[in-house]
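Just so you know, residue 1 is the first one in the sequence shown, and it goes up from there. Only heavy atoms go into these numbers, but all of them, side chains included; no hydrogens, no water, no symmetry mates.
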Amino acid sequence: MEHGEKNITVIDENGNEMLCEVLFTFDSDEFGKSYVLYYPVGAEEDDEDEIEIHASAFVPGEEGEDGELKPIETEEEWDMIEEMLGTFLDEEEGEQE
């Protein structure tokens with residue numbers, strides 16, 4: 001995955017591939033990592049439920065290779081990601097008004 005890509009393929013814990021759309025990516029100096037927030041493609045078409053947004057740490061691959069998604073490991077990282085998501089959603093809502 002490259003920064004700026006819109007779709008990624010994620011393999012879940014059962015080995016199933018899932019095409020996901022990237023919501024946004026960001027880097028954290030505090031944790032020295034890059035993060036990607038994404039959701040399954042097609043989820044936005046089902047307005048009955050809230051879209052389940054997933055987050056992973058992202059390790060870029062070598063030149064020309066795909067990167068690797070890693071699980072979020074600490075409560076501090078989750079808190080920071082939730083804060084970034086809240087800021088992102090607030091900005092999105094402001095643009096739509």
Side-chain angles (χ1 to χ4, degrees):
M1 187 185 113
E2 301 288 326
H3 279 289
E5 273 190 47
K6 290 294 181 197
N7 291 331
I8 58 174
T9 300
V10 177
I11 300 173
D12 68 14
E13 59 274 358
N14 300 321
N16 300 317
E17 286 190 2
M18 182 172 54
L19 184 63
C20 294
E21 186 165 331
V22 173
L23 186 61
F24 71 98
T25 61
F26 66 95
D27 298 319
S28 169
D29 292 335
E30 181 181 352
F31 294 102
K33 296 180 184 177
S34 297
Y35 296 91
V36 57
L37 278 75
Y38 54 94
Y39 58 91
V41 166
E44 72 275 8
E45 296 166 7
D46 183 10
D47 290 337
E48 293 180 24
D49 298 323
E50 270 192 35
I51 295 173
E52 184 177 351
I53 297 173
H54 304 271
S56 296
F58 173 67
V59 180
E62 296 298 315
E63 196 171 316
E65 292 182 23
D66 288 339
E68 188 176 351
L69 297 178
K70 300 277 190 182
I72 307 301
E73 298 172 339
T74 67
E75 199 63 40
E76 291 79 12
E77 284 180 281
W78 277 117
D79 291 344
M80 181 264 310
I81 289 167
E82 288 175 5
E83 188 175 315
M84 290 294 291
L85 177 59
T87 300
F88 174 81
L89 294 175
D90 288 347
E91 288 174 4
E92 287 291 302
E93 286 178 14
E95 289 176 12
Q96 292 177 0
E97 291 180 15

Inset, instruction - Decide whether L89 and F26 are clustered together by the hydrophobic rule: side chain heavy atoms of Ile, Leu, Val, Met, Phe, Trp, Tyr closer than 4.5 Å, transitively. - result: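 Result: yes, single cluster for both.
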Legend entry - Linked, directly or transitively: M80 and F24 (ILVMFWY side chains, under 4.5 Å): yes
Inset, instruction - May I ask you to decide if F88's main-chain N or O and E92's side chain share a donor-acceptor pair within less than 3.5 Å? - result: no
Inset, instruction - Would you mind telling me which of V10, I53, L69 makes a side chain to side chain contact (heavy atoms under 4.5 Å, CB included) with C20? - result: V10
[Y] and [X], any side-chain heavy atoms less than 4.5 Å apart:
X: K70; Y: E68; answer: yes
X: I8; Y: V22; answer: yes
X: E17; Y: I11; answer: yes
X: M18; Y: P40; answer: yes

Once rounded to the nearest 0.5 Å, what's the spacing between atom [atom1] of [X] and atom [atom2] of [Y]?
X: L37; Y: F58; atom1: CG; atom2: CZ; value: 13.5 Å
X: E76; Y: I81; atom1: CD; atom2: CD1; value: 11.5 Å
X: E21; Y: Y39; atom1: CD; atom2: OH; value: 3.5 Å
X: E77; Y: F31; atom1: CD; atom2: CZ; value: 5.0 Å
X: Y38; Y: L23; atom1: OH; atom2: CG; value: 12.0 Å

Inset, instruction - Assess whether atom CG of N14 is packed by more than 12 heavy atoms of other residues, nucleotides or ligands within 6.0 Å. - result: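 More than 12 within 6.0 Å, yes.
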Legend entry - Least distance between heavy atoms, A57 atom then Y35 atom: CA-CD2, 3.9 Å
